[in-house]
Asker: 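Sharing a structure with you now.
In what follows, chains are A, B, ... by sequence order, proteins preceding strands, each numbered from 1. What you see below is based on every heavy atom in this structure, not just the backbone, and it leaves out hydrogens, waters and symmetry mates. Owing to the predicted nature of the structure, the values given are computational and were not obtained by experimental measurement.
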2 protein chains.
Amino acid sequence: MLAKGFGATSIEELIAEAGITKSGFFYHFKDKNELASGLLDRHGEALDQLLVDVFGRAGELSDDPLQYLLVGLTLLAEHMAEMPGGHPGCMVAALSYQDRLFDRDMRARITTMVRDWNDFFRRKLDAIVAVYPPREPVDTARLARMIACSIDGGIIMGKTLADPTVLPEQMLMARNHVKLLFQPVAVHVVREAA
Amino acid sequence: MLAKGFGATSIEELIAEAGITKSGFFYHFKDKNELASGLLDRHGEALDQLLVDVFGRAGELSDDPLQYLLVGLTLLAEHMAEMPGGHPGCMVAALSYQDRLFDRDMRARITTMVRDWNDFFRRKLDAIVAVYPPREPVDTARLARMIACSIDGGIIMGKTLADPTVLPEQMLMARNHVKLLFQPVAVHVVREAA
DNA sequence: TCGAAAACCGTACTGGAGGTACTGTAAACC
DNA sequence: GGTTTACAGTACCTCCAGTACGGTTTTCGA
């Protein structure tokens, strides 16, 4: 389903693969929306867990808030790169840019999930600005969205160009953006002649 | 169609709006794929023209390759922001992340268009690196994809959050990324005590 | 002005997909 | 041992993409 797309995968295909019948399917899901809802739940939890794992590990590796985020983003990028055949496709992007019109509840839940992820990055960015003076005025909300956009955009671009390296690459670009903003500049001061 | 999505818009709706019949539609398009193909052509040309206009204007405003790109991206962001009701949705993102399975020809053409746009930005970045020493090692291909990903990601995020300001905001984030990379740092050198 | 091609209209149909309705039934559980 | 859970089976409905084909109008060049 992640490979072909949600709408492109018919229920008939699913039940054939799963070895059940239509009756069985509709016993568990009242319609295809409810299947999407279930997939969204599962995917959301998996991604939350992944973020907890990766940034937990990053926390072990660094106390500094800037290094913590930079390491976390790097680990996340590596995790995406290690996935065989590239990232299977972001459920949120897959569902939010779907042909199919989902009901208001589904849309609301997708929106909430995305907001939560943005807030997740934002909190880490807020911790950074509390310590590091940014090179330019910074809106952490926008910066958090930048990270999320890099991921979503990387998925889209990787899918469009059929190049699985784009996603991790763009996650590292987001990382470098943060780094450029906050990391102090190494200046070689040439001592003036007296 | 841009509002509802490609697959969510039935041919019956289209012909009702256009005031023609099914026969008329299928006289011009052999199937819905060919309609998508036509839309892709039209949208691609429109975007090409927009880029030419915007960066032509940017060229009038600045000779410096860095300022040229920064101004161009700002103008592009402003153009997107001015669109009433936000950007109608990127055709490429809409088609490449579609339920519908397009034929190989369609996929190839989408890929080519995206590559062309990436190259467009890359050429401008190459002109910059020829003049400005980057603060970090730079791969202009990746950086060009970063700009494109910001746009696509901004569209997705804007659509998901139902916030039309996200797209121009993220385009300016891409601009700032480029700026941070190349713009010389203003250093206040404190004269050492003798 | 005439004739042919282009640009449709009307109608009827096929097939696949989502979904409904209802009956039957094997296993699980209390 | 009776009820609930978790399906299977069958039949059917609707919507939509797409086909087939004959008839009609408009356009346009000779």
Asker: Sequence neighbours excluded, which residues qualify as salt bridge (charged side-chain N to carboxylate O under 4.0 Å, His left out) partners of B:E45?
Answerer: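 Not a single residue meets the salt bridge (charged side-chain N to carboxylate O under 4.0 Å, His left out) criterion with B:E45.
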Asker: Please report the distance, rounded to the nearest Å, between CZ in A:F29 and P in D:dA6.
Answerer: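 Atom-to-atom, A:F29 to D:dA6, this comes out as 12 Å.
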Asker: For B:L47, which residues count as a side chain to side chain contact (heavy atoms under 4.5 Å, CB included) partner, sequence neighbours excluded?
Answerer: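 Once residues adjacent in sequence are excluded, the partners of B:L47 under the side chain to side chain contact (heavy atoms under 4.5 Å, CB included) criterion are B:H43, B:L50, B:W117.
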Asker: Please report, rounded to the nearest Å, how far the P atom of D:dT19 is from the CZ atom of B:F26.
Answerer: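 Going from B:F26 (CZ) to D:dT19 (P), I get 7 Å.
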Asker: So if I define the base as every atom that isn't primed, P, OP1 or OP2, how would nucleotides 4-11 of chain C read as a B/S/- string at a heavy-atom cutoff under 4.0 Å?
Answerer: --SBBBBB
Asker: Just the rounded figure in Å: distance from P of D:dC15 to CD of B:E12.
Answerer: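 Rounding to the nearest Å, CD of B:E12 and P of D:dC15 are 10 Å apart.
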Asker: Apply side chain to side chain contact (heavy atoms under 4.5 Å, CB included) to A:T140 and list each qualifying residue two or more places apart in sequence or on a separate chain.
Answerer: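 By the side chain to side chain contact (heavy atoms under 4.5 Å, CB included) rule, A:T140 matches A:R122, A:L125, A:D126, A:V129, A:V138.
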Asker: Got a sec, which residues hit ring-ring contact (aromatic ring centres under 6.0 Å, His included) with B:F29, two or more places apart in sequence or on another chain?
Answerer: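 Partners of B:F29 under the ring-ring contact (aromatic ring centres under 6.0 Å, His included) test: B:F25.
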Asker: Among all residues two or more places apart in sequence or in another chain, which pass the ring-ring contact (aromatic ring centres under 6.0 Å, His included) test with B:F55?
Answerer: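 Partners of B:F55 by the ring-ring contact (aromatic ring centres under 6.0 Å, His included) criterion, ordered by chain and then number, come out as B:Y68, B:F120.
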Asker: A:E12: which residues meet the side chain to side chain contact (heavy atoms under 4.5 Å, CB included) condition with it, sequence neighbours left out?
Answerer: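 Expected list: A:S10, A:K22.
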Asker: Angle between the two end axes of the helix from C:dT1-D:dA30 to C:dC30-D:dG1, five base pairs per end, rounded to 10 degrees?
Answerer: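 Both end axes considered, the difference amounts to 20°.
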Asker: So if I take every side-chain heavy atom of B:S10 and compare against D:dC16, C:dG19, D:dT19, which nucleotide ends up nearest?
Answerer: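 Looking only at side-chain atoms, B:S10 lies closest to D:dC16.
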Asker: Can you check whether A:E34's main-chain N or O pairs, donor with acceptor, with A:D31's side chain at less than 3.5 Å?
Answerer: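 Checked: pair present.
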Asker: What is the separation between atom CG on B:N33 and atom P on D:dC16, rounded to the nearest whole Å?
Answerer: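 The distance from CG of B:N33 to P of D:dC16 comes to 18 Å, rounded to the nearest Å.
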Asker: Could you work out, with side chain to side chain contact (heavy atoms under 4.5 Å, CB included) as the rule, every residue matching B:T111, not counting sequence neighbours?
Answerer: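 For B:T111 the side chain to side chain contact (heavy atoms under 4.5 Å, CB included) partners, ignoring immediate neighbours, are A:L161, B:R115.
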